[in-house]
Amino acid sequence: MDNQSFIDAEPAPQKTTHEMRFHGSGSEYFRIWIVNTALTIVTIGLYWPWAMVRMRKYFYANTEVAGDRFQYDGPAKIIFRGYILVMLAFLCYSLANIFAPLILFIIILLFFIAWPWVFYKAVRFRARYSAYRGVRFKFDGTLGKSYTINMGYTALTFFLGIFFLPYVEYRKKDYVWNNLNLGSRKFEFKGQAGEFFIAYFKAVGLVLLGVIPLVIGIAIALAGGVQMEQSGSEDPNIAMLAGFAILIPAYIGILVLSAIAQQLIFCRITNYTLNNTTLPGIQLHSNINFWKLVGIHLSNLFLIIITLGLFTPWAQVRRSKYILEQLSVTTEGDALDTILSTEKTDEDAIGDAAGEIFDFEIGF
Amino acid sequence: MDIPTGSAPGGIYFPDDSHVVLPPGFDYNEIPDLGKENRMLLLVRWIEQYWKYTALAVVIILFSVLAFYLYGIPAMAKSIAYKLPDSVGNGISDHVIDELEDRLFFPSELDEEQQAVLRDGFAGILEANGFNAYRYDLRFRRSEAIGANAFALPSGTIYMLDGLVELEGMDTDGVVAILAHEIAHVELRHGLQSVIRQAGIGVFATLMIGDVSVGISLATALPKILLETGYSRSLETEADLYAVEYLAKTSYPPEALAEALKTLIGDEDEDALINWISTHPAGNKRYEAIRQKIEELGL
Ligand SMILES: [Zn+2]
């Protein structure tokens with residue numbers, strides 16, 4: 001949207017809001033998805049990195065802001081090397097699982113130790129190969145901070161209880177956004193932890209709400225069972241049947257509620273994080289509607305299940321289109337046009353590809 | 001190179017890392033020195049543009065998914081089942097045995113003599129085939145709820161229920177032949193295999209539905225129920241054929257297995273009898289397979 005006016009008496013720079021647009025379509029992405037998936041199967045998985053890069057590229061190249069598209073060009077060859085390494089590690093894990101439970105413990109410990117490094121490398125890699133108008137993103141957070149947050153704070157969660165988790169999530173967002181650059185411009189995230197606590201507590205409350213009918217169902221069924229035992233009857237009585245009749249929908253209810261809770265966390269935290277993030281002269285906005293997101297998510301889920309997965313590409317496009325089109329940026333003057341490319345940094349260590357392999361949601 | 005996807009723009013990266021967007025109709029094949037990787041991606045892009053090739057991709061995926069389901073999971077389950085230490089099977093069995101003894105089973109009402117004859121036959125099969133008799137534990141029990149049935153747990157505990165022994169037309173040879181079938185289940189680790197198969201189906205459904213965590217639990221139940229019978233049929237037939245081989249080494253006639261099966265199928269109208277058939281499906285096919293095996297062995 002361009003509401004720039006040319007009769008401008010103010011010395012202050014013009015503010016312009018650009019809505020984000022997503023141009024992808026389900027049927028187009030379906031063809032890309034199915035062809036690349038088939039190639040991955042035919043090559044017993046060897047083609048997977050190229051398939052992954054191609055699918056991700058589709059989403060980047062179809063996202064537009066202020067008339068220009070994003071680019072993703074993760075080098076499949078580097079991801080391939082990391083992928084083979086991960087597969088070997090997975091093989092070790094599986095074998096250890098069968099033959100030596102003690103080695104399994106050591107492997108899990110090693111993974112826990114390596115995790116902050118993987119996270120750090122993943123964010124760097126994704127930033128390095130994401131670009132807008134040919135200008136690359138860059139992540140310059142430190143490895144030490146990643147250990148503080150992903151290991152130190154996670155360990156604290158163990159002592160302080162699950163209530164501490166929203167704070168860890170807040171610190172992760174803070175770590176990613178406050179160390180992210182687009183070319184020569186640095187992102188700045190000024191959010192506080194409060195909103196993270198609210199989002200998580202509401203989500204937990206929602207799931208607990210679903211536990212109530214489950215508990216009632218179990219109680220009724222148990223009462224029926226006790227009565228059955230006392231009367232010495234072989235046939236289940238009404239209370240027991242009613243209890244079981246409640247249990248099944250209650251179980252499905254909990255599954256649906258936890259899906260909704262996930263959306264609640266995603267929606268609130270994405271809105272809050274982006275609305276509190278700026279680049280010099282540029283303000284990000286996010287206005288995702290929780291109920292619309294839930295509607296899209298649940299209907300996607302339903303359609304994916306009844307099509308045995310074939311609806312997946314449409315589902316991904318639908319969800320991405322909705323979310324991305326709720327985002328916008330407000331720029332002062334020509335802030336968007338004066339972002340300059342910085343020097344190319346080489347990120348070709350194998351570990352860097354780890355993020356793409358585990359498919360992190362890093363949040364660009 | 002930035003080979004485009006779908007109708008989205010692609011472009012070109014220059015050595016200084018600057019990126020230039022190329023117009024939609026641009027023919028990337030005209031660029032000199034594309035390299036193998038870019039040529040491959042251009043080919044992939046070309047395939048993606050046609051619905052007919054997309055249809056082929058769907059067929060390939062369905063075919064491999066089905067092949068993996070029908071052959072991949074059972075083969076993997078088999079190799080894992082043989083690698084697992086005995087303790088795993090014993091652990092699973094202990095719980096089941098406790099449950100069964102507590103809730104469903106009552107002491108057998110077969111007379112001592114009849115039990116002794118059957119135990120002789122059972123021991124005979126183990127001895128003739130060189131199986132470890134110490135791991136086996138044959139238990140006679142009565143259960144109105146389960147009726148005419150016999151089954152084996154991975155640890156080697158085999159239950160023979162009165163209902164089956166007392167079945168009209170069932171003789172000692174028939175019961176011993178069924179015991180041989182149950183021994184085959186233990187020796188071939190069928191119990192573990194089916195547990196691992198079920199776990200495999202769960203993982204498989206998860207992969208199919210993708211990263212939708214909620215879908216997993218909803219989706220796993222369905223294929224399990226639908227396809228489990230097909231799975232157990234192949235294991236049953238395998239147990240039948242091995243049972244014939246085991247019996248061939250004893251003085252008991254392998255034909256008795258075929259006849260016992262026939263007896264069970266023939267009495268379908270009686271409620272309790274259907275049980276053994278339903279957990280041991282496709283009686284007629286199995287009957288034919290046993291006959292054929294006996295012929296092959298020239299017995
Ligand atoms: Zn059987």
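Since we're looking at a predicted model, the values are computed, not measured. Convention: sequence-line order gives letters A, B, ...; per-chain numbering from 1.
- Between V44(B) and R54(A) there is a side-chain heavy-atom pair separated by less than 4.5 Å.
- Using a 4.5 Å cut-off on side-chain heavy atoms (C-beta onward), K57(A) and D2(B) make contact.
- Interface remark: S25(A) contributes no atoms to any contact with chain B (heavy atom separation under 4.5 Å).
- At least one side-chain heavy atom of V58(B) sits under 4.5 Å from a side-chain heavy atom of F30(A).
- Closest non-hydrogen pair, R31(A) versus W51(B), comes out as NH1-NE1, 2.9 Å.
- Atom CD1 of I44(A) is surrounded by 12 or fewer heavy atoms from other residues, nucleotides or ligands within 6.0 Å.
- Residue I61(B) forms a side-chain contact (heavy atoms from CB on, under 4.5 Å) with just one option from T40(A), V42(A), T37(A), and that option is T37(A).
- Contacts between F59(A) and chain B at a heavy-atom distance below 4.5 Å are absent for every atom of the residue.
- Taking every heavy atom of both residues into account, A57(B) and I34(A) meet most closely at CB-O, 3.7 Å.
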Set out, in order, the CA-CA distance, both residues' side-chain angles and the distance that settles side-chain contact (heavy atoms from CB on, under 4.5 Å) for N36(A) and E48(B), then state yes or no.
CA-CA 8 Å; N36(A) 284 277; E48(B) 284 165 3; 2.7 Å; yes
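- Taking the side-chain hydrogen bond (donor to acceptor under 3.5 Å, both in side chains) definition, one finds that Q49(B) meets it with nothing, sequence neighbours left out.
- R69(A) and P9(B) make their closest contact through NH1-CD, 3.3 Å (heavy atoms, listed as atom of the first residue, atom of the second, distance).
- The contact between I32(A) and chain B is made by backbone and side chain atoms together, counting heavy-atom distances below 4.5 Å.
- One distance of note links CG of D73(A) with CD1 of I3(B); it measures 12.0 Å at 0.5 Å rounding.
- A search for side-chain hydrogen bond (donor to acceptor under 3.5 Å, both in side chains) contacts involving N300(A) returns R318(A), not counting sequence neighbours.
- The two residues W50(A) and L41(B) have their closest heavy-atom pair at CD1-CD2, 4.2 Å.
- Contact record, Y47(A) with M40(B): CE1-CE, 3.8 Å, taken as the closest heavy-atom pair.
- By number of non-hydrogen pairs under 4.5 angstrom with chain B, the leading residue of H23(A), K77(A), M55(A), E64(A) is K77(A).
- Note that OG1 of T5(B) is 7.5 Å distant from CD of E28(A), once rounded to the nearest 0.5 Å.
- Atom OH of Y82(B) has more than 12 heavy atoms from other residues, nucleotides or ligands within 6.0 Å.
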Show, in sequence, the C-alpha distance, side-chain angles and deciding distance for Y53(B) and V35(A), and conclude whether the side-chain contact (heavy atoms from CB on, under 4.5 Å) test is met.
CA-CA 8 Å; Y53(B) 298 123; V35(A) 167; 5.5 Å; no
